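Following: one structure in structure tokens, then a few remarks.
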There are 2 protein chains.
Amino acid sequence: MAPVTLDQVRCFIAVAEELHFGRAAERLSMTQPPLSRQIQKLETAVGATLLERSNRTVALTSAGSEFLEDSYRIFNALDQAVAHARRVESGSAGTVHLGFTATSAIRILGPLLVSLDKDLPDVQVILHERVTGGQVDGIRRGELDLGLARPPFDTTVLSSRVVAREPLYAVVSAAHPLATVEGPLGPEDLDGLPIISYHPVQARYFHELTVRFLVNGHSRIVQHVQQILTAMVLVAAGEGVALVPASASTLGVPGLVYKRLNDLEGGHPDSDPARPVELHAIWARGELTPLLRHVLHHVQEVATRHDDALKV
Amino acid sequence: MAPVTLDQVRCFIAVAEELHFGRAAERLSMTQPPLSRQIQKLETAVGATLLERSNRTVALTSAGSEFLEDSYRIFNALDQAVAHARRVESGSAGTVHLGFTATSAIRILGPLLVSLDKDLPDVQVILHERVTGGQVDGIRRGELDLGLARPPFDTTVLSSRVVAREPLYAVVSAAHPLATVEGPLGPEDLDGLPIISYHPVQARYFHELTVRFLVNGHSRIVQHVQQILTAMVLVAAGEGVALVPASASTLGVPGLVYKRLNDLEGGHPDSDPARPVELHAIWARGELTPLLRHVLHHVQEVATRHDDALKV
DNA sequence: TCGCACGATGCTCTGAAGGTATTGATGTCT
DNA sequence: AGACATCAATACCTTCAGAGCATCGTGCGA
């Protein structure tokens with residue numbers, strides 16, 4: 001049982017289209033005798049007569065004309081498979097498992113997906129909402145390709161890049177005395193006030209930002225919440241003051257006033273004191289494939305547009 | 001630019017599934033070195049790295065795992081193409097262009113299609129309603145494979161076979177004196193009565209049957225219609241008497257009475273005087289493929305069932 | 001009736017693909 | 001830490017599938 005060969009199918013297509021062995025052979029850049037033999041082999045391999053040939057004429061049998069259609073399909077499938085493999089290697093096609101944190105990255109996901117769908121329509125993004133720690137684990141296990149999370153990370157196995165920076169705001173209830181103060185606030189402006197801060201483990205990043213800002217003041221932390229939205233709701237209820245990223249102002253919680261803060265010194269060397277809240281993209285060190293590079297580029301592009309929109 | 005070979009794809013599938021060149025080679029009944037070379041050739045032909053291999057381990061790249069899926073598809077398509085070609089050759093799959101005459105064969109088409117769909121689900125029947133002459137032309141031009149028509153035919157280019165015989169009935173209005181006569185009628189019973197006959201060219205077969213039946217009587221033909229249904233409507237309106245095939249009684253024209261006739265002698269040698277109305281299947285002489293044979297068998301089977309139903 | 005067009009067949013030879021032996025690199029076990 | 005085992009890659013040789021050339025057989029047209 002000799003198997004069917006692609007060459008045989010190629011030969012068959014030529015003969016079926018020309019209905020003439022000589023011309024078909026010419027088209028295939030070969031001579032007629034081996035072409036006849038290839039067709040014979042194909043017919044025995046398929047187990048059916050595909051071409052009815054007298055000494056003077058060639059015609060397709062019904063089995064042959066059906067097989068011709070299928071032959072086209074096979075070659076198209078092969079061509080597409082090759083082209084698709086190339087696109088995947090070049091990063092213009094493929095699948096990306098993208099992790100994100102609910103409260104921080106969710107705002108850029110919509111524009112990101114739109115932008116990717118426009119530029120890289122063959123790239124499929126599968127979203128995974130996880131806390132930073134979960135994203136790190138996912139990347140190490142190969143479940144995620146890219147994460148959008150808050151520092152710090154284990155830089156021995158992960159690479160990261162800042163994709164967005166934004167200012168830290170104080171948020172106070174509209175009825176609060178601070179609501180009408182002019183100019184940026186310093187820690188001393190919060191002296192004696194109740195502060196809504198964040199969970200030291202579950203929301204470590206914002207907890208540390210808050211602590212860093214308050215370090216030289218004399219305020220007191222009265223709550224440790226896990227979600228920024230929770231903090232804002234508590235502030236609206238008059239429970240105290242909270243520090244939130246600038247983009248939180250677009251969450252639309254009513255009855256709140258957002259106040260600029262003095263620059264926050266003491267971050268890592270590359271940080272921007274005016275925009276201390278950083279969102280990082282993270283991935284497995286050494287696994288920055290062309291596809292990830294493309295997606296990362298779109299993430300930064302979208303995040304930058306988002307930041308600009310916040311400035312205006 | 002060496003083209004992709006099926007052997008290369010086969011090798012790739014084995015390696016991709018085993019993730020081990022040695023085991024994959026064993027599965028392919030070959031040794032490891034040529035397998036390595038086949039994979040290399042495939043990768044250069046595709047233009048992408050499909051397998052990431054260190055000296056100790058083999059892993060699929062993302063391009064490779066996508067190509068693996070496509071590889072399965074290609075092999076499935078090939079297998080199906082081969083199987084389909086065999087089925088078409090054996091006659092258990094394919095397409096049949098079937099001609100039929102509106103008034104005569106239409107009653108068996110429904111059961112025929114049901115029966116074919118049950119036994120030969122991969123056979124597609126395309127119906128063409130044509131008069132006998134149109135069917136003959138269609139068969140000669142290759143537009144039709146099989147026809148259901150009335151004799152005579154040009155037997156030098158067509159083969160034919162009787163698929164159904166049925167009695168000829170006289171149909172009279174319920175108010176007519178003949179409606180109450182007992183026993184089969186002879187031509188003398190119609191003496192002096194107005195007869196509805198058929199168009200000598202367009203409905204030649206029934207015209208000749210009518211003339212043959214009346215040849216020794218003294219009735220007069222007052223109409224030449226083209227359709228059996230037309231004749232029956234005229235009879236119901238009291239315009240005269242008509243001769244119709246037995247199956248016409250199932251057309252459901254109200255106010256009619258069907259009378260048996262004496263046997264009709266003088267047909268061709270094989271004819272049955274009690275059932276002189278014949279339906280023939282016709283096809284291009286020498287073109288009785290297995291598929292046509294199957295379909296023809298179903299036609300006869302269904303027509304026989306139909307006849308039996310009429311007898312009861 | 002002859003000749004020609006065209007597919008099939010026989011024979012030879014080349015080159016692609018397979019096999020054996022070996023290398024080189026990388027984990028693993030003691 | 002060193003000896004060993006494992007596994008893919010490479011080198012070299014061998015074989016057979018497939019290509020080309022020459023020829024045959026047979027219908028169709030002049």
Side-chain angles (χ1 to χ4, degrees), chain A residues 1-46 48-61 63-65 67-68 71 78 157 286, chain B residues 1-46 48-61 63-65 67-68 71 75 78 157 285-286:
Chain A
M1 288 300 285
V4 176
T5 304
L6 269 192
D7 278 338
Q8 292 166 3
V9 179
R10 221 186 308 269
C11 290
F12 172 73
I13 290 177
V15 176
E17 286 181 353
E18 300 284 348
L19 291 178
H20 189 290
F21 277 73
R23 285 195 296 276
E26 190 178 7
R27 216 174 83 178
L28 294 165
S29 305
M30 63 192 292
T31 55
Q32 171 261 321
L35 178 56
S36 287
R37 284 191 291 254
Q38 289 284 34
I39 299 295
Q40 290 165 7
K41 282 200 174 186
L42 176 64
E43 286 184 325
T44 59
V46 170
T49 304
L50 303 177
L51 291 164
E52 199 66 54
R53 36 206 196 280
S54 72
N55 276 349
R56 297 289 298 173
T57 181
V58 178
L60 278 168
T61 65
S65 68
F67 192 76
L68 178 61
S71 300
L78 186 65
V157 293
Chain B
M1 286 301 284
V4 175
T5 304
L6 270 192
D7 278 338
Q8 291 166 3
V9 180
R10 221 185 309 269
C11 290
F12 171 72
I13 290 177
V15 177
E17 285 181 353
E18 299 285 347
L19 292 178
H20 188 289
F21 278 72
R23 283 195 298 275
E26 189 177 8
R27 217 173 84 177
L28 294 165
S29 305
M30 63 193 290
T31 55
Q32 170 262 319
L35 179 57
S36 287
R37 285 193 294 257
Q38 289 285 36
I39 299 295
Q40 290 165 8
K41 282 200 175 185
L42 177 63
E43 286 184 325
T44 59
V46 170
T49 304
L50 303 176
L51 291 163
E52 199 65 56
R53 36 207 196 279
S54 72
N55 277 351
R56 297 289 296 173
T57 182
V58 178
L60 278 169
T61 64
S65 69
F67 192 76
L68 179 61
S71 300
F75 271 94
L78 186 65
V157 293
R285 177 168 286 281

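Naming convention: chains lettered A, B, ... in sequence-line order (proteins, then strands); numbering from 1 in each chain. Only a predicted model underlies this, so the values are computations on that prediction, with no experimental measurement involved.
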Open item on the list: At 4.0 Å (heavy atoms only), tell me whether Thr57(A) reaches a base, stays on the sugar-phosphate, or touches nothing.
Closed with: nothing
Separation of atom [atom1] in [X] from atom [atom2] in [N], rounded to whole Å:
X: Arg10(B); N: dG18(C); atom1: CZ; atom2: P; result: 11 Å
X: Gln8(A); N: dA17(D); atom1: CD; atom2: C1'; result: 11 Å
X: Arg23(B); N: dC7(D); atom1: CZ; atom2: P; result: 7 Å
X: His20(B); N: dC7(D); atom1: NE2; atom2: P; result: 4 Å
X: Met30(B); N: dT15(D); atom1: CE; atom2: C1'; result: 14 Å
X: Gln32(B); N: dT23(C); atom1: CD; atom2: C1'; result: 12 Å
X: Leu35(B); N: dA8(D); atom1: CG; atom2: P; result: 9 Å
X: Leu51(A); N: dC6(C); atom1: CG; atom2: P; result: 16 Å

- [ ] Indicate whether any N or O donor in one side chain lies under 3.5 Å from an N or O acceptor in the other, for Gln40(A) and Thr44(A).
- [x] no
Open item on the list: Quick check: any donor-acceptor pair below 3.5 Å linking the side-chain of Gln40(B) to the base of dA9(D)?
Closed with: no
Task: Polar pair under 3.5 Å, donor/acceptor by atom type, side chain Arg37(A), base dG7(C) - done: no
Open item on the list: If we check side chain to side chain contact (heavy atoms under 4.5 Å, CB included) with Val15(B), which of these qualifies: Leu35(B), Leu42(B), Leu28(B)?
Closed with: Leu35(B)
TODO: Inspect the surroundings of CD in Glu17(B) and state if more than 12 heavy atoms from other residues, nucleotides or ligands are less than 6.0 Å away.
DONE: yes
TODO: Step through the shown structure and confirm whether more than 12 heavy atoms of other residues, nucleotides or ligands are within 6.0 Å of CD on Glu26(B).
DONE: no
For a quick test of reading the model: is some side-chain N or O of [X] closer than 4.0 Å to OP1 or OP2 of [N]?
X: Arg53(A); N: dC6(C); value: no
X: Ser36(B); N: dA9(D); value: yes
X: Gln38(B); N: dG18(C); value: yes

Task: First encountered from the 5' end of DNA chain C, between Pro33(B) and Lys41(B) - done: Lys41(B)
Open item on the list: Do the side chains of Glu43(A) and Arg37(A) get close enough for a salt bridge, i.e. N-O under 4.0 angstrom?
Closed with: no
